Q: 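Structure provided below as C-alpha cells; questions to follow.
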2 protein chains.
Amino acid sequence: MVTRDDVARHAGVSVAVVSYVVNNKNNVREETRRKVLQAIEELGYNPNMAARSLKTKKTNQIGVLFNNLGNSFETGISLGLEQRARQHDQSLIFQTYVPSEEHKLKAIFTGRTDGLILMGQSLKPETIEHFSKFGIPLLSVMKPVHEHAYMGSIDIPWFAAMCELVEHLKSLGHRQIGFMANTVHDHYHHARFLLFRQAMEAAGLEFQQQSLLQSGGTLESAYERMSRRIQASPELPFTAIVCAGDLMAIGVLSACKDCGLSVPADLSIAGCEDILMTSHTTPTLTTIHYPRKEIGYKAVDAIMAQINGADAPADTGFGYELIVRHSTAKPKQ
Amino acid sequence: MVTRDDVARHAGVSVAVVSYVVNNKNNVREETRRKVLQAIEELGYNPNMAARSLKTKKTNQIGVLFNNLGNSFETGISLGLEQRARQHDQSLIFQTYVPSEEHKLKAIFTGRTDGLILMGQSLKPETIEHFSKFGIPLLSVMKPVHEHAYMGSIDIPWFAAMCELVEHLKSLGHRQIGFMANTVHDHYHHARFLLFRQAMEAAGLEFQQQSLLQSGGTLESAYERMSRRIQASPELPFTAIVCAGDLMAIGVLSACKDCGLSVPADLSIAGCEDILMTSHTTPTLTTIHYPRKEIGYKAVDAIMAQINGADAPADTGFGYELIVRHSTAKPKQ
DNA sequence: TTGTAAGCGTTATCAA
DNA sequence: TTGATAACGCTTACAA
C-alpha cells in the first residue's frame, strides 16, 4: 500500500505538504503543489479513509437502515438517498433492520458512520441514547410509531392522505372498508393503519377489527393471506380494502384474480406508495403517491445539516397525491 | 466518546487487557475479564471501527456496485448479499456505478473496503489495476462484457439458457425474434444480447440487426421505445421479442396493451431474471429464472475467500430455469 | 511556504 | 496473566 510518506519521499517534501495538497489548502507554492501532484499520480496514491476518519472524526459515511431491501418502495427512497449522498461526497452503508439484533447496530455504526437514516423503525430508547451519546444524528424517513426527541423524521401528512382516500371510497358508495398491514414490530405500516382508522372515524365510518388483515408486508404474504380469507368465506365483511403498501395491494389483487373475485366489481383495492408496478397491473391500482426520491434528497440534506450541528427536523410538509386508477369503483349491488 | 482508555481506567487495568477482552483472547483471568466487561457495560463502550481498521488493515466492509438501485433484479441480488454478509459480520457499502465518475471509485473504496462486488460492469483496466495493487479483490456477479484476469465472476450459463429460450420460441413456430437491451456502457444486458445472438445462430435462425431495440434498461424507457416502434409501423419484423431484463419486458407488455397489440396473439414476449412481478402481470411473463439470492450468497462467500487469500472464481455453474408462462404462444397466422 | 511532531483509538510485540 | 509502548496513516497546531 502506498502511503502519504511514500509520496512525501518521492516528491522530496514533508508529509505535511502532501496533506496540504491533498486537502486543497491554499498555502502551497504552485511549483511544490505540482511536484506533489505528480508524485501522487506516479505512485497511484489514495488517502486511507480509515486513518483520515480516525483523525478527523468524520467518516463520510451515512448508515441506512432498511426493513426489507426487496421492497421497491424502500429501494426507491434509497435511490434519492444515494443520488444526494453522492453530491455530498458521502457513502451509504446499508443494513437490514433485524429486531432481534438491534443491539449490534451500536457496534456496526459506532465510529463508522456520521449519521443514521432509518425507515420508520421504532428503535429502543437505549439504542437511541447510545447514538445520542456518541453524537451520531438519527433521522427517520417516515414517522415511527414510537417517536423520540433525539430522532427527527420526514414524512408526508398521512392523516390527510388517508382522509382523502377514505373520502374517495365513501363517495363511490363504500361503507365497509378493510385494511391490510404488517403491524407487528411497530412497522411503518402500523403507523399508516392507525391514521387510516382515524380517517375512517373522521369520515363517520366504522372500522371493524375483523376487517384488519395481518400480513408480512410482502406481496407473497399478502397473496397468501387474502387467498385464505376468501377461501374461508367469499362473503367479505367489506367492499373495499386499503393496503398499507402497494406490494400487498398487488398480492391482494392477484389473490382475487386467482380466487375468482373480480376487481373492482366485487372488491375495490387501494394501495399506498405508488410504486412503479401499480400502473402496470390489470386493473391499474389506485394509490397514494409518496414522493420517494424527493424525500430521499431531503433526508440526506437534513442529516448533513444535523451532522453540522442543526436540530432534528420534524417535517411532514411533503406533498402526497391520491392517484385514482381502475382498481376502485362503485360496489356492485 | 468513550474510548478504550476510559474503560481501562474505570476497570483499573491496562489498555491492553481491555483489548484482550474485547477480542476474546483467552489469556485473561476470569475475574479480570468480568471486571472489564462490567466497565464496558457501565460506560457503554463500543470500539471505534476506524481505529481498528487502521491498525488491522481490515475494514469489515464490502463495496457493492450497482447499475441501478431502482432495478428489482439488482436489489434482489443484494438481498442475498446482505444476508450472507451479515453472517460474516461484514457491512455492505453501496454505490451506483456512474461511468463518468469511475475514477472516484478508487478514492471511495481505498482503505474502506476489503473487497468489491460488481454487477457486470466493465471497469477500466486502470481501475482494476489500482485495486489489484492495493490487494482489494474484485468479484463480479454476472460476467462482464470485458473480462479481466484479476476479476472473477459468478453467473449462470447464459448461452445454454438463451438456447433453451430460443428453442422454446422456435418450437412454437417463431422464426423472426427481436431483442431489446441496454447495450451501451457494456451493460450486462449487452452480454446477454451477444449470447442470444449466438443462440439464434445455433438454432439456425437469422437475427436481423433491425430487430434489436435499444432502451435504457428501465421499464419506462422500454415502454417508450416499444410504443414508438409500434407507432412507426405496426408491422413488426418479428413475431416474438426477448428482453434482456424483466423490467423491460413489462414495459414492452404495457406498450403493446396501450397500442392495441394483443399478447401473446400478436406478439410473444419473454424476459430474463424472473423478478417477482413477472408472475403478476396479465398475461404472466415467460422468463429465465436467475437464482438471485443464492448467487448473492455465493458472491459473498467467494469474496470472503479471496480476502483470505483464495483465487478469483469463474463460476458459471449455477442453475437457471426457463419459466414458461402465458406471454409466449404460437404466432397468429 | 514548509517542516516537526503530537495525537486520533486501536492492536500487537515484548517484557515484566 | 498483565502492562508499557511502538506502530497504523493521517491532520493540524506550531515552529522555522
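Protein chains get the first letters and strands the later ones, always in sequence-line order, with residue 1 at the start of each. Since the structure is predicted, the reported quantities are computational estimates derived from the model, not experimental observations.
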Q: Mind checking if A:Arg4 touches a base, just sugar-phosphate, or nothing, with heavy atoms under 4.0 Å?
A: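 Touches a base.
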Q: What integer distance in Å separates A:Arg52:CZ from D:dC8:P?
A: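 Whole-Å distance recorded here is 19 Å.
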Q: Closest-nucleotide mapping onto DNA chain D: is B:Lys57 or B:Ala16 further toward the 5' terminus? I mean the 5' end.
A: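 Residue closer to the 5' terminus by nearest nucleotide: B:Ala16.
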Q: Side chain of B:Tyr20, base of D:dG3: donor and acceptor closer than 3.5 Å?
A: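 In this structure, the two groups form a donor-acceptor pair.
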Q: With heavy atoms under 4.0 Å as the rule, sort B:Ser19 into base, sugar-phosphate or nothing.
A: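 Base, at least one base heavy atom under 4.0 Å.
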Q: May I ask you to test the A:Asn46-B:His130 pair for a side-chain heavy-atom distance under 4.5 Å?
A: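 SC-SC contact between A:Asn46 and B:His130 confirmed.
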Q: For DNA chain D, whose closest nucleotide is more 5', that of A:Val2 or that of B:Val15?
A: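 Mapping each residue to its closest nucleotide by heavy atoms, the 5'-most match is B:Val15.
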Q: Might you work through the salt bridge (Lys or Arg N to Asp or Glu O under 4.0 Å) test for A:Arg84 and A:Asp301, ending with a clear yes or no?
A: CA-CA 8 Å; A:Arg84 190 54 65 103; A:Asp301 288 344; 2.7 Å; yes
Q: Write down the distance between CG (A:Asn23) and P (D:dA13), rounded to a whole number of angstrom.
A: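 It works out to 12 Å between those atoms.
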Q: Rounded off to whole Å, could you give me the CZ-to-P distance for the B:Arg112 and D:dG9 pair?
A: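 In whole Å, D:dG9 P lies 17 Å from B:Arg112 CZ.
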Q: For the side chain of B:Gln95 and the backbone of A:Ser91, is there at least one donor-acceptor N/O pair under 3.5 Å apart?
A: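 A pair under 3.5 Å: no.
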Q: Around atom CD of B:Glu30, are there more than 12 heavy atoms of other residues, nucleotides or ligands at under 6.0 Å?
A: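 Yes, the 6.0 Å shell around CD holds more than 12 heavy atoms from other groups.
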Q: Using a heavy-atom cut-off of under 4.0 Å over every strand shown, decide if B:Ser53 touches base, sugar-phosphate, or nothing.
A: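 Contact class for B:Ser53: none.
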Q: B:Val22 near the nucleic acid: base, sugar-phosphate alone, or nothing, with a heavy-atom cut-off under 4.0 Å?
A: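 The residue B:Val22 makes no contact with any strand.
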Q: Side chains of A:Glu129 and A:Lys124: does their closest heavy-atom pair fall under 4.5 Å?
A: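 Heavy-atom side-chain distance check fails, nothing below 4.5 Å.
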Q: Using a 4.0 Å heavy-atom cut-off, does A:Asn48 contact any base of the nucleic acid, only the sugar-phosphate backbone, or nothing at all?
A: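 Counting heavy atoms under 4.0 Å across all strands, the contact made by A:Asn48 is with sugar-phosphate only.
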Q: Of all nucleotides in DNA chain C with an atom under 4.0 Å from a non-hydrogen atom of chain A, which is the first and which the last going 5' to 3'?
A: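 The protein-touched segment is C:dT1 to C:dG9.
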Q: For A:Asp6 and A:Thr3, indicate whether the former's side chain and the latter's backbone hold a donor-acceptor pair under 3.5 Å.
A: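 Confirmed, A:Asp6 side chain pairs with A:Thr3 backbone.
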Q: Can you tell me the distance, in whole Å, between the CE atom of B:Met49 and the C1' atom of D:dC8?
A: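 So the two atoms are 17 Å apart, to the nearest Å.
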Q: If only atom types and distance count, is the side chain of B:Ser122 paired as donor or acceptor with the main-chain N or O of B:His146 below 3.5 Å?
A: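 The answer is yes, because a donor-acceptor pair under 3.5 Å joins these two groups.
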